[in-house]
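In this text, all values refer to a predicted model and were calculated from it rather than measured experimentally. In what follows, chains carry the letters A, B, and so on, assigned in the order in which the sequence lines appear, proteins first and then strands, with residues in each chain numbered from 1.
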Number of protein chains: 2
Amino acid sequence: MQSGCRRGRGLGWWHGHIRGYGYRMTAQREAVLEIMTKTREHLSAEDIYHQLHNLYPNIGLTTIYRTLELLVDTGLVYKFDFGDGRARYEISEGPDSPDHHHHLVCTCCGKITNYTDFIDKERKLLNETEMGLSKKFNFKITNHLIQFYGLCEKCNKDEK
Amino acid sequence: MQSGCRRGRGLGWWHGHIRGYGYRMTAQREAVLEIMTKTREHLSAEDIYHQLHNLYPNIGLTTIYRTLELLVDTGLVYKFDFGDGRARYEISEGPDSPDHHHHLVCTCCGKITNYTDFIDKERKLLNETEMGLSKKFNFKITNHLIQFYGLCEKCNKDEK
DNA sequence: ATGATAATGGAAATCATTATCAATAAGGAG
DNA sequence: CTCCTTATTGATAATGATTTCCATTATCAT
Ligand SMILES: [Mn+2]
Ligand SMILES: [Mn+2]
Ligand SMILES: [Zn+2]
Ligand SMILES: [Zn+2]
């Protein structure tokens, strides 16, 4: 329907997004997005770097960092700190998408678990809270972070 | 009332806590706790280091880091990552204390705002959620992190 | 196809946090 | 209170993730 639609020519849906911010589309950015959209893992910059080295032996780690920063800035990717000393990234469908989820972080082994359960109740409370906080502090909320810390099933057993 | 009470001899309430974990009480640990309990700011290790240098010109930054790690491990202090590249610390009264609060983080200027509003509703939802998640994932939750990101009043204005 | 300029990648620089290790001090035993 | 074991400290070096630089390359509007 939209005249600008370029589907069917091998272009990812993200081209328009990137270009819309005035950035150029490059093979490296394509490659990083390709990986990010195909995994549910929480990859570090170096994880991505290693995965790409097969396909692009000359890609630089610096470029991975730069690309991730761009993707975070334009809202395509979330950046997380799970406490293991390196940033971790995950594709983002935005805080209102049905795939939006939060995390359980095992403080023992570092395992990360996605959960979408209870998100509906959460969403309701979050909306109220965001509205109240915006009003009280004149703070314009754009996003939120929720994480639960504790022991995963395995670590909880080993604990005993 | 309690026979073990040591008030009135210059000992902080935290002595028993630290000793209870088998750690020795030192002037340095005392000093760090003294600062942490007297501020509502979110200090970095270096912040604390500088504040202490007047009183203890010989205290080492390494010791600050070690002490903070100890305090976090024993639950007296919370460690946060607000995205400015350094860890920030804050005294903890525990997730069930009336002083327990969450944060608004300005993504523009980095300003951190404590809020306790809506905590009651939050607590209710958190309890339900924690219970549900514990059951579904066999995950033993010990703590949680909630942060809202956006623009503070000042940055929102300047934005326009 | 051409040119202006944004993007890349290799290497060096940053900078918060850790590891080492000899010197010091806490606190239980006597 | 003194002694002794051993946790703790502090100076320094090491680590490691992320940035900065800058010459080379690639994108894309014209
Ligand atoms: Mn996730
Ligand atoms: Mn706070
Ligand atoms: Zn675990
Ligand atoms: Zn601000």
So, for A:Cys106 and B:Phe139, which heavy atoms are closest and what is the spacing to 0.1 Å? N-CZ, 3.7 Å
Whole Å only: how far is the CD1 atom of A:Ile64 from the C1' atom of D:dT18? 14 Å
Within this structure, what is the NE2-to-C1' distance between B:His53 and D:dA11, rounded to whole angstrom? 12 Å
B:Thr26 side chain, from C-beta outward: closest of D:dA11, D:dC28, D:dT8: D:dT8
Plane angle bin for A:Tyr49 and A:His53 - parallel if under 30°, tilted between 30 and 60°, otherwise perpendicular: tilted
A:Tyr65 has an atom OH; how far is it from atom C1' of C:dA11, in whole Å? 15 Å
With heavy atoms under 4.0 Å as the rule, sort A:Ala87 into base, sugar-phosphate or nothing. sugar-phosphate
Categorize B:Arg66 for me: base, sugar-phosphate, or nothing, with a 4.0 angstrom heavy-atom threshold over every strand shown. base
As a test of reading the structure: which of C:dG27, D:dA29, D:dG10 is closest to the side chain of B:Arg19, going by heavy atoms? C:dG27
Just checking A:Arg24: base, sugar-phosphate only, or nothing, at a heavy-atom cut-off of under 4.0 Å? base
Does the side chain of A:Glu90 pick up a donor-acceptor pair with the side chain of A:His101 at under 3.5 Å? yes
In whole angstroms, the gap separating P of C:dA16 from CG of B:Asp47 amounts to 11 Å
Under 4.0 Å between any heavy atoms, over every strand shown, what does B:Thr62 touch: base, sugar-phosphate, or nothing? Just pick one. base
Do B:Tyr65 and B:Leu52 belong to the same hydrophobic cluster, where Ile, Leu, Val, Met, Phe, Trp and Tyr are linked whenever their side-chain heavy atoms lie under 4.5 Å apart, directly or via other members? yes
